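First comes the structure, then the notes that go with it.
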Amino acid sequence: MRSRAAYALALTAALGASGLAGVALAGPAQAKAAARPYDFNGDGRRDLAVGSPNGTVGKKKKAGFVTVVYGSKSGLNTTKRQVITQATAGVPGAPEAGDLFGASVTSADFDRDGYADLAVGAPGEDTGAGADAGTVTVLWGSPSGLKGATSFGEKGSAGKRHRYGESLTAGDLQGDGRPELFITVPGTSTYTWVSFAGRKASGRNGTRSSYDVDRSWIAAGDVNGDGRADVVYAWFDDNDPEVAHRRGLTLYTANAWGGFDRNKTVYTDVHALTVADFDGDGRADVAVGDTYDSPWVGGSVTVFRGSPLGLGGSYALHRNSAGVPGVSTVEDDFGAALAAGDVNGDGRADLAVGVPKADQGRVFDSGAVVVLYGSASGLAGRGAQAVTKSTAGVPGTARAYEHLGAQVALLDHDGDGRADLTAGIPDADGGNGGLTCLRGSAAGVTAKGAAAVSAAALGVRSKNARVGILLGG
Ligand SMILES: [Ca+2]
Ligand SMILES: [Ca+2]
Ligand SMILES: [Ca+2]
Ligand SMILES: [Ca+2]
């Protein structure tokens, strides 16, 4: 394994001024206003993308697929949906065993035509560069939903086991209204990005490094408040002998030259990552989930405040924090999944925290979601809510080891200006999985109108879909 210092140098060089030639310069802005992320049909309501990377396509195990459920005035409308695989007309490539199409998703209006587009990672795709080199596919939004696609692999330094596309996010690097797509490459423990001119994608050269990590995450937001999207890259490695460097996160702040400056690295355990403005000061904050029982039993979330200088001071929340419902129990996995959105519509981002191994009495590992609300001082325990299948008004019965909260999403599906909660239950229904959906309101998430969505309702039963193992947003 390469030393972290050497790795840092390589990455700095690759992302600094010397990488400028690879950046596609922005053309004149197009007239049409960009759609908001995840509104694929442009009707003002966000749609839900559900990744099933382990899903079977034909006879190909773990080829993977994505199920898209469209928003409506009354929330997610399961009768209006698409199941998209690499066999779908207009999608490049073909489904092969182990492609893991749908292992990651993110959304932005990359071609700025007024319809949000969906980027999908297939980190297990074999290419000319080798097995598991990985590819990313962008599915294009339209008035009738996602239609047609563009696919690409890692530029310049693709290689076997790079797993390009394991984690994706979108953000506006230059602050010019044209979103970039950011892509992790865990096989070289780095990230790279793609710019779009219309539907033409131009990628940057990646970094050559032998530093291979087990997991990677990426999230974007304007952490220092200068109008350009900054990027947080996080990694987790079980095998690196350099213990102090096994896991952590680095903030890279966007500079005026179309690249990034390395801001600050924190070596810490990471199991989930999101970036949003929880205190409403105009600078995005970085939330990190850590499911380990240390330093807090049951897991914790640490928030690093955005500041003009980048990553600022931090605070932590866990199940035993004042105001947070429930009690921390060993191996609850609080923080296994995170999603940010404004649930109560007060202008500050709120945070959904997955607790997939929370018990309901003697029903072990049935799972829970805790919703923490933003305030002027950041995320607070005060007013926090816990949602399980035992919550009054929530449909279904809690079952052992079904893992509600393994993934969470906060998106405004009904278009009322408040984010709605979707909790994945990937191990429900014998591994078919399912979703629990609650709507947002001024008083927080509400069981009124709560819905259960099964794999059967999405038309993906008996395909090892594990619905809810991966959710966009
Ligand atoms: Ca929509
Ligand atoms: Ca579009
Ligand atoms: Ca910035
Ligand atoms: Ca809020």
Side-chain angles (χ1 to χ4, degrees), residues 29-49 68-82 90 106-120 137-150 170 177-181 196-201 274 276-281 284-285 287 303 339-352 371-380 382-385 409-421 439-446 472-473:
Q30 290 166 25
K32 188 124 191 188
R36 290 181 304 169
Y38 291 99
D39 183 6
F40 307 125
N41 59 358
D43 66 354
R45 301 182 183 106
R46 315 269 188 142
D47 312 310
L48 183 70
V68 176
V69 187
Y70 286 84
S72 81
K73 215 170 111 184
S74 52
L76 288 172
N77 175 7
T78 55
T79 65
K80 195 171 174 184
R81 61 175 195 265
Q82 289 178 284
T106 195
S107 177
D109 187 358
F110 296 111
D111 63 355
R112 289 185 46 93
D113 67 349
Y115 303 95
D117 312 306
L118 181 69
V120 180
T137 299
V138 177
L139 304 161
W140 301 107
S142 83
S144 59
L146 294 170
K147 205 170 150 184
T150 301
R178 302 163 70 92
E180 276 70 39
L181 171 62
F196 293 86
R199 293 190 168 178
K200 192 177 174 338
T274 194
D277 186 6
F278 302 114
D279 52 18
D281 69 351
D285 313 306
V303 180
D342 189 0
V343 174
N344 55 7
D346 68 352
R348 295 186 189 101
D350 312 309
L351 185 71
V371 183
L372 301 167
Y373 289 89
S375 78
S377 55
L379 285 175
R382 186 181 61 252
Q385 293 173 289
L410 284 179
L411 292 168
D412 182 13
H413 299 300
D414 55 17
D416 69 351
R418 299 184 180 101
D420 310 307
L421 171 68
R439 291 163 80 175
S441 79
V445 290
T446 172

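Because the structure is predicted, anything quoted here is derived from the model rather than measured. We count ligands from 1, going down the list as the structure has it; atoms in each ligand are counted the same way. Computed over heavy atoms, backbone and side chain alike; hydrogens, waters and symmetry mates excluded.
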Legend entry - Electrostatic pair D113-R199, nearest N-O below 4.0 angstrom: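 Yes, this pair counts.
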Legend entry - Carboxylate-amine/guanidinium contact R46 D412, below 4.0 Å: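 Here R46 does not pair with D412 in a salt bridge, since their nearest N and O are not under 4.0 Å apart.
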Give the name of the N/O/S atom in [X] that lies closest to the Ca ion (ligand 2).
{"X": "D111", "answer": "OD1"}
{"X": "D113", "answer": "OD1"}
{"X": "D109", "answer": "OD1"}

Legend entry - N/O/S atom of S142 inside 3.0 Å of the Ca ion (ligand 2), strictly under: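 Short answer: no, not a single N, O or S atom is under the cut-off.
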Inset, instruction - Walk me through it: do Y70 and R45 pass the test side chain to side chain contact (heavy atoms under 4.5 Å, CB included)? - result: CA-CA 8 Å; Y70 286 84; R45 301 182 183 106; over 6 Å; no
For the side chain of [X] and the backbone of [Y], is there at least one donor-acceptor N/O pair under 3.5 Å apart?
{"X": "Q82", "Y": "L146", "value": "yes"}
{"X": "Q385", "Y": "V445", "value": "yes"}
{"X": "T137", "Y": "T150", "value": "no"}
{"X": "N344", "Y": "G444", "value": "no"}

Legend entry - Verdict with supporting geometry, K80 and S72, side chain to side chain contact (heavy atoms under 4.5 Å, CB included): CA-CA 9 Å; K80 195 171 174 184; S72 81; over 6 Å; no
Inset, instruction - Could you pull out all residues at least two apart from D342 that satisfy salt bridge (Lys or Arg N to Asp or Glu O under 4.0 Å)? - result: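 D342 satisfies salt bridge (Lys or Arg N to Asp or Glu O under 4.0 Å) with no residue once adjacent residues are dropped.
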Inset, instruction - Return the set of residues passing side chain to side chain donor-acceptor pair (under 3.5 Å) with N77 (not counting sequence neighbours), or none when no residue passes. - result: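 T79.
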Legend entry - Under 3.0 Å from the Ca ion (ligand 4) - protein N/O/S, by chain and number: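 Within the sphere that stays under 3.0 Å of the Ca ion (ligand 4), the protein atoms of type N, O or S are D342 OD1, N344 OD1, D346 OD1, R348 O, D350 OD1, D350 OD2.
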Legend entry - Protein N, O or S atoms lying under 3.0 Å from the Ca ion (ligand 1), listed by chain and number: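 Within the sphere that stays under 3.0 Å of the Ca ion (ligand 1), the protein atoms of type N, O or S are D39 OD1, N41 OD1, D43 OD1, R45 O, D47 OD1, D47 OD2.
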Inset, instruction - Kindly indicate, with the supporting measurements, whether the criterion side chain to side chain contact (heavy atoms under 4.5 Å, CB included) is fulfilled by L411 and D420. - result: CA-CA 5 Å; L411 292 168; D420 310 307; over 6 Å; no
